[in-house]
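Structure record follows, encoded as structure tokens.
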Amino acid sequence: MSEKILVVEDEPTLVETLEYNLSRQDYEVITAMDGQEALDLARREHPDLVVLDLMLPTIDGIEVCRLLRQEMNVPILMLTARDEEVDKVVGLEVGADDYMTKPFSMRELMARVKALLRRERLIRQELAAGTIDQQILTSGDLTVDLSRREVKRAGEVLNLKPREYELLVFLVRHRGMVLSRQLILERVWGWDYDGGSRTVDVHVHWLRERIEPDPKNPRRIVTVRGVGYRFEG
Ligand code: CA
């Protein structure tokens with residue numbers, strides 16, 4: 001059975017392009033042109049993935065994303081116009097799984113859709129097989145046990161400081177995403193923290209010393225020039 005993708009976008013030509021390209025990859029495509037229609041359709045059709053534009057009539061993409069997250073476990077790929085950095089932060093906070101800025105290449109979108117669906121399939125399989133423990137995050141030889149607040153590397157316990165631990169959990173949970181220093185500060189240190197983005201850099205430096213095979217050439221916590229960091233793995 002082909003996977004069902006809900007495309008939510010109010011630009012008719014982009015809807016058409018997305019529908020055409022996704023259908024060609026044998027996905028079943030349903031479309032909505034405003035936020036309310038998107039919610040109605042998602043509730044009725046239970047899509048396997050949602051491609052969601054940010055700026056929409058009736059209910060905007062952020063609100064649609066938030067409501068979908070509360071109601072169902074569906075991967076969400078958000079689309080936004082260039083320079084909506086603020087919205088990008090909000091998009092991550094309300095739980096979008098991935099994010100693309102317009103204009104994007106259709107090829108890249110297809111690759112991300114495929115990756116999100118594959119990840120979702122794996123999670124479902126693991127859940128069905130009972131092999132997944134939601135309390136444990138893993139990445140390569142790293143294991144983060146959320147219930148015990150314990151981090152292990154290659155089986156060995158790392159004694160991280162509380163803030164290093166929080167930072168690592170945040171990075172691993174948002175693996176593959178570009179996270180700005182500002183977002184990291186807000187989420188790991190709290191909204192009212194008075195320090196600068198240097199604080200983030202210092203903690204990333206410490207964390208790299210603990211979890212990178214070669215801290216001078218980090219492979220896990222990658223620097224994204226002028227923005228922040230991305231966790232790979
Ligand atoms: Ca739009």
Side-chain angles (χ1 to χ4, degrees), residues 2-120 173-184 186-187 191 224-228 230:
S2 64
E3 282 158 311
K4 197 188 289 177
I5 300 179
L6 169 60
V7 171
V8 189
E9 169 61 64
D10 59 326
E11 284 171 46
T13 50
L14 187 50
V15 174
E16 218 170 279
T17 314
L18 286 166
E19 194 171 15
Y20 173 75
N21 283 280
L22 289 164
S23 303
R24 270 182 19 148
Q25 301 290 319
D26 287 332
Y27 295 120
E28 182 186 344
V29 184
I30 50 178
T31 62
M33 307 233 345
D34 68 62
Q36 187 58 57
E37 193 188 354
L39 286 172
D40 294 344
L41 212 51
R43 286 167 183 151
R44 201 167 61 231
E45 298 281 336
H46 303 288
D48 297 292
L49 181 135
V50 180
V51 177
L52 179 63
D53 184 34
L54 189 79
M55 302 294 283
L56 290 169
T58 66
I59 304 174
D60 71 28
I62 293 290
E63 187 62 9
V64 171
C65 184
R66 207 177 57 75
L67 290 169
L68 286 180
R69 265 287 160 275
Q70 287 173 4
E71 294 178 28
M72 58 192 83
N73 213 354
V74 62
I76 299 171
L77 171 57
M78 257 202 177
L79 305 177
T80 185
R82 215 180 261 284
D83 298 330
E84 290 176 332
E85 187 67 29
V86 174
D87 294 324
K88 181 170 188 163
V89 171
V90 180
L92 290 174
E93 289 196 343
V94 293
D97 294 273
D98 201 355
Y99 215 93
M100 290 187 83
T101 305
K102 295 178 191 172
F104 48 82
S105 86
M106 211 36 80
R107 196 182 193 162
E108 193 184 345
L109 181 125
M110 292 300 147
R112 300 230 196 152
V113 162
K114 217 171 153 186
L116 282 172
L117 285 170
R118 191 189 314 120
R119 192 187 72 181
E120 204 59 22
R173 276 193 166 143
H174 296 87
R175 66 182 85 191
M177 291 182 180
V178 177
L179 304 166
S180 70
R181 289 185 177 79
Q182 189 55 43
L183 177 65
I184 295 172
E186 287 164 5
R187 296 293 297 274
W191 288 95
V224 181
R225 207 174 282 271
V227 183
R230 187 178 63 232

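For ligands, and for the atoms within them, numbers begin at 1 and follow the listed sequence. Start at 1 with the first residue, then count along the sequence.
Annotation: salt bridge (charged side-chain N to carboxylate O under 4.0 Å, His left out) contacts involving residues 41-59, sequence neighbours excluded, comprise K4-E45, R43-E71, D53-K102.
Remark: R112 engages D98, E108 in a salt bridge (charged side-chain N to carboxylate O under 4.0 Å, His left out) (not counting sequence neighbours). Every residue two or more places apart in sequence or in another chain that forms a side chain to side chain contact (heavy atoms under 4.5 Å, CB included) with D60 is listed here: I62, E63.
Of the possible donor and acceptor atoms, one in the side chain of T58 sits under 3.5 Å from a partner among the backbone N and O of G35.
The two residues L49 and V51 have their closest heavy-atom pair at CD2-CG2, 3.7 Å.
Protein N/O/S atoms found under 3.0 Å from the Ca ion (ligand 1), listed by chain and residue number: D10 OD1, D53 OD2, M55 O.
The closest side-chain donor-acceptor pair between N21 and Q25, if any, does not fall under 3.5 angstrom.
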